[in-house]
Amino acid sequence: MAAIYQAAYRRAALFCRSHSTYVKKMRYLNKLKEDDSLCRQAQTSGTFYLFHNLSPFLRKVEEKYLIPQLSAAEMKRILEKFKETEQWIEKSVLIGCSDEHVPHFALDLAGALERSVIEAELKGSFTDLRKALFVVDEDSSSLLASAQALLRWHDSHQYCSKTGQPTQKNVAGSKRVCHASGITYYPQMSPVVIILVSDGSRCLLARQPSFPQGMYTALSGFCDIGEAVEETARREVAEEVGLEVESLWYSASQHWPFPSSCLMIACHALVRGQQLEISMNSLELEEARWFGLEEVMEGLKREPKSAKQDNGNFLPWFPPKQAIAHQLINEWVKQQTS
Ligand SMILES: NC(=O)C1=CN([C@@H]2O[C@H](COP(=O)(O)OP(=O)(O)OC[C@H]3O[C@@H](n4cnc5c(N)ncnc54)[C@H](OP(=O)(O)O)[C@@H]3O)[C@@H](O)[C@H]2O)C=CC1
Ligand SMILES: [Mg+2]
């Protein structure tokens, strides 16, 4: 099961086993979001995950990539050592806490310290999120994705879209306020529906021209304003491959940080038996076709590196397990083989 939502499942399981720990933790986090002075105090005892220009800081230990958490004292020492003001800490955003209520913050140090200076001091490297998500463990990839999404949102919402005046973040970073207009802005995600279409014995996978060679995935599309998930799924399948959805069922959801904070809502769909001819929209897709069970099972086993053939062509491969598309494809295989 894919990393990011496996972490969510684990949190839910923990909730069942240890209800009071979970409830206390959520209530504590909620208090930190609501109470600026409590959150400012929490910054003095919390731990910090570092970013530079939205790239997370990773340290490679033997063959593993770890995400170092810095204590508040260590943060203070580094900022002082490089003659930066401690006020940088105020730019941090709350991203969670331990069961013992040690709060975790994320902080982007671009503008304060040179990337290479921090890398040398802390013996690690700022790594592009597209690489980082796929080399760290499952819980860490979920945490990095949401921390980066929150930092990105703050970076791009510095001004009020009505007055043009600067907005101020609350200490936790759960919102920004324009004091001139009184408008409060909250971090947002764009809902996207991802649909694995099947005709009962085959499934439909497609490629956009921008995909790496050989990679196919399920159809997807942003929800238009006012649309329900079912309407988006039906419209996207009609727009992209000219088929009509007969029935649709929900699988799972995932926060996806690319290109910027999508809420991926994953569904399986069945199309009408009498109309199975694909009419592809070539403005959006490069290829869309039906895959049989055997070809899908082989594609799931294939690594991108081993997809290239001697003649230069690529055999099909699918998104990695961290992407919810992978779960949809896996589930379809299980349905076919059970
Ligand atoms: N985690 C996973 O397993 C997967 C994740 N995805 C993610 O789903 C997202 C959407 O998939 P895609 O099929 O490309 O979507 P669409 O089919 O909706 O097409 C994308 C185009 O829609 C327009 N658009 C409409 N609303 C928005 C919005 N809120 N934000 C950005 N663009 C918008 C843009 O066009 P224009 O630029 O012309 O205005 C964009 O290029 C992608 O960001 C992708 O990363 C996709 C597949 C698998
Ligand atoms: Mg699409």
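Residues: numbered from 1 along the sequence shown. Counting convention: from 1, in listed order, for ligands and their atoms alike.
- In terms of modelled atom types and a separation under 3.5 Å, the side chain of N53 and the main chain of A110 share no donor-acceptor contact.
- No donor-acceptor pair under 3.5 Å is formed between the side chain of R176 and the backbone N or O of T184.
- The aromatic rings of Y49 and H104 lie perpendicular to each other, with more than 60° between the two planes, well past the 30° mark.
- What you find for T232 and E227 is that their closest heavy atoms are OG1-OE1, 2.7 Å.
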Could you tabulate the donor-acceptor pairs under 3.5 Å formed by side-chain atoms of residues 205-224, not counting sequence neighbours?
{"unit_1": "R207", "atom_1": "NE", "unit_2": "E286", "atom_2": "OE2", "d": "2.9"}
{"unit_1": "R207", "atom_1": "NH1", "unit_2": "P212", "atom_2": "O", "d": "2.9"}
{"unit_1": "R207", "atom_1": "NH1", "unit_2": "M215", "atom_2": "O", "d": "2.9"}
{"unit_1": "R207", "atom_1": "NH2", "unit_2": "E286", "atom_2": "OE2", "d": "3.1"}
{"unit_1": "Y216", "atom_1": "OH", "unit_2": "E287", "atom_2": "OE1", "d": "2.7"}
{"unit_1": "Y216", "atom_1": "OH", "unit_2": "E287", "atom_2": "OE2", "d": "3.3"}

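- Annotation for E294: atom CD does not count as buried by contact number, only 12 or fewer foreign heavy atoms lying within 6.0 Å.
- In terms of heavy-atom proximity, A252 sits nearest to Q327 at CB-NE2, 3.7 Å.
- Q208 lies apart from the Mg ion (ligand 2) in this respect, since none of its N, O or S atoms is found at a distance under 2.8 Å.
- Here E240 meets the criterion, with an N, O or S atom under 2.8 Å of the Mg ion (ligand 2).
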Could you check ligand 1 for N or O atoms lying under 3.5 Å from protein N or O atoms and list the pairs with distances?
{"unit_1": "ligand 1", "atom_1": "1 (N)", "unit_2": "Q254", "atom_2": "OE1", "d": "3.3"}
{"unit_1": "ligand 1", "atom_1": "3 (O)", "unit_2": "I324", "atom_2": "N", "d": "3.3"}
{"unit_1": "ligand 1", "atom_1": "3 (O)", "unit_2": "A325", "atom_2": "N", "d": "3.0"}
{"unit_1": "ligand 1", "atom_1": "11 (O)", "unit_2": "S220", "atom_2": "OG", "d": "3.1"}
{"unit_1": "ligand 1", "atom_1": "13 (O)", "unit_2": "Q208", "atom_2": "NE2", "d": "3.2"}
{"unit_1": "ligand 1", "atom_1": "13 (O)", "unit_2": "S220", "atom_2": "O", "d": "2.9"}
{"unit_1": "ligand 1", "atom_1": "13 (O)", "unit_2": "S220", "atom_2": "OG", "d": "2.7"}
{"unit_1": "ligand 1", "atom_1": "14 (O)", "unit_2": "Q208", "atom_2": "NE2", "d": "3.3"}
{"unit_1": "ligand 1", "atom_1": "17 (O)", "unit_2": "S220", "atom_2": "O", "d": "3.0"}
{"unit_1": "ligand 1", "atom_1": "17 (O)", "unit_2": "E240", "atom_2": "OE2", "d": "2.9"}
{"unit_1": "ligand 1", "atom_1": "17 (O)", "unit_2": "E284", "atom_2": "OE1", "d": "3.4"}
{"unit_1": "ligand 1", "atom_1": "18 (O)", "unit_2": "F222", "atom_2": "N", "d": "3.0"}
{"unit_1": "ligand 1", "atom_1": "43 (O)", "unit_2": "F258", "atom_2": "O", "d": "3.3"}
{"unit_1": "ligand 1", "atom_1": "45 (O)", "unit_2": "W256", "atom_2": "NE1", "d": "3.3"}
{"unit_1": "ligand 1", "atom_1": "45 (O)", "unit_2": "F258", "atom_2": "O", "d": "3.4"}

